[in-house]
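To keep things clear, I will list the structure first and then write my remarks on it.
Nothing here was measured: the structure is a model prediction, and the numbers come from that model.
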Amino acid sequence: MELIALHNRVVALDVHQAVINSCAIVADEDGVRFEERPFETFKRGLRALVDWCLKIKPEVVVMESTGIYWKSAHAWLERAGLNCMVVNAHHVKNVPGRKTDIADPRWLAMLARAGLLKPSFVPPEKLRRLRLVSRQRQKLVGMLAAEKNRLGKVLADAGVRLGVVVSDLNGKSARAMIAALIAGATPEEALQFADQRLKAPRDEIAAALDGDITCEHRFVLQAILGHIDYLEANIRDFDAHLIAGLDSPEEKNALVLLQTVPGIDLVGAAMLLVEIGTTMTLFAKPSHLVSWAGICPGNNRSAGKRKRERLRKGNTYVRRLLCEFVQAARKTQSMFQAKHKALAITRGFKRAIMACAR
């Protein structure tokens, strides 16, 4: 398959866990030549890869976005001032031609030279580093939710039905009553820690606290509560580090704009910002950003017939954040509680996103 050349010098990388297979295509007055070399993924190998690329002086360096192994190579090449392009492996497979592990870097280089590859969105290095903090925070929140659910199950196993009379087992009153039960207090003694604002009658709360707590229940409950406290402290540290990292005037302005949308607080705005960046000109329209996040159905029509349309995988972290924002906005008491509240929220979100580009 012969392709029309758009670039004279390209380098393609097939990045694995332990090795980077590279292929360079150089077109000059002597003709077109291919040069292929393997590199280690250790620091010394990445340094050798950068030196090799600088000698070739490619117009573009292209690699597939498979797994996480491409990130360190991309960072080294980007810091060296090389034009790096990360492409979707699915797009490469859609181009007819060879597609084997041996031919990967050469075929990728040929497609890059012909200009048949579309670059994926890669945020700046600073935001990529903050993504580690944001995404780990989401993992910690999931672990915290799992521990809270486990707390309720252990209490139910001990016959304590506190979750029936209180809405949040992790609330101040509930935590105080659970701590009292762990310490060996009777239901009547633990009832003294119940807040007067609880809607359930006092006798029902006392009945819910009356269970058969063994020493094993106390041991597990104490461990779970300690882990909950540890996770909550960890999450607070992650929040502080994430917000402190967004210190440029452009990023601070974007944080303020995003918080004008109901349901988005400071931490949520920071987590969304490190995922989508501040340069909205990378997305032609708001609908392109929505499609990239994977929260809109595909458009598959042929001969006037609509075929099966499925959601793209997209950015799962952005999708999770947007779902949380919608749930929070639904409970927000504001002007958006009108008849067309959902539409107003969507429009406000789009305006805030596009304003980040100004």
- prompt: For S173 and D195, which heavy atoms make the closest approach, and how far apart are they?
  reply: OG-CB, 2.9 Å
field: Within 6.0 angstrom of K126 NZ, more than 12 heavy atoms from elsewhere
entry: yes
field: For D210 against P187, the heavy-atom pair lying closest together
entry: CA-CG, 3.7 Å
message: Working to the nearest 0.5 angstrom, can you tell me the gap between L54 CG and L77 CG?
response: 8.5 Å
- prompt: Name the one of R175, K148, R236 that satisfies salt bridge (Lys or Arg N to Asp or Glu O under 4.0 Å) with D229?
  reply: R175
- prompt: Can L116 be reached from W107 by stepping across I, L, V, M, F, W or Y side chains whose heavy atoms are under 4.5 Å apart?
  reply: yes
- prompt: Hey, mind stepping through E36 and N21 against side chain to side chain contact (heavy atoms under 4.5 Å, CB included) and telling me if it holds?
  reply: CA-CA 7 Å; E36 296 179 337; N21 295 321; over 6 Å; no
message: Run Q136 and L132 through side chain to side chain contact (heavy atoms under 4.5 Å, CB included) and show every step you take.
response: CA-CA 6 Å; Q136 181 62 21; L132 294 175; over 6 Å; no
Min side-chain heavy-atom separation V220-E216 under 4.5 Å: no
query: Is a side-chain donor-acceptor pair under 3.5 Å present for Q327 with R330?
result: yes
- prompt: Do V15 and E64 come within less than 4.5 Å of each other through their side chains, counting heavy atoms only?
  reply: no
field: For D28 against R33, the heavy-atom pair lying closest together
entry: OD2-NH1, 3.1 Å
message: Are M63 and I25 connected into the same hydrophobic cluster when the rule is that any two of I, L, V, M, F, W, Y join if their side-chain heavy atoms are below 4.5 Å apart?
response: no
query: Which word best sums up how the rings of H74 and W70 line up, parallel for under 30°, tilted for 30 to 60°, or perpendicular for over 60°?
result: perpendicular
message: Tell me whether V10 shares a hydrophobic cluster with I56, the cluster being built from Ile, Leu, Val, Met, Phe, Trp, Tyr side chains joined at under 4.5 Å.
response: no
Minimum side-chain heavy-atom gap L49-C53 below 4.5 Å: yes
message: Applying side chain to side chain contact (heavy atoms under 4.5 Å, CB included) to E324 and Q138, what does each step give before you reach the verdict?
response: CA-CA 12 Å; E324 292 176 0; Q138 290 198 30; 5.5 Å; no
message: Working to the nearest 0.5 angstrom, can you tell me the gap between K43 NZ and L46 CG?
response: 9.5 Å
field: NZ/NE/NH1/NH2 to OD/OE distance under 4.0 Å, E35 and K55
entry: no
message: Is there a path of hydrophobic side-chain contacts, each under 4.5 Å between heavy atoms of I/L/V/M/F/W/Y residues, joining L144 to V267?
response: yes
task: Work out which heavy atom in A12 is nearest to a heavy atom in A109; give both atom names and the distance.
output: CB-N, 3.3 Å
message: On a heavy-atom basis, which atom in R131 and which in F121 lie closest, and how many Å separate them?
response: NH2-CE2, 4.1 Å
- line: CG of L255 to OG1 of T278, rounded to nearest 0.5 Å, is 10.0 Å
message: T41 vs Y69, test: side chain to side chain contact (heavy atoms under 4.5 Å, CB included). Steps then yes/no.
response: CA-CA 9 Å; T41 54; Y69 304 123; over 6 Å; no
task: Look at the aromatic rings of W52 and F39 and report parallel, tilted or perpendicular, splitting at 30° and 60°.
output: tilted
- line: Looking only at heavy atoms, the pair that brings M85 and L117 closest together is SD-O, 4.0 Å
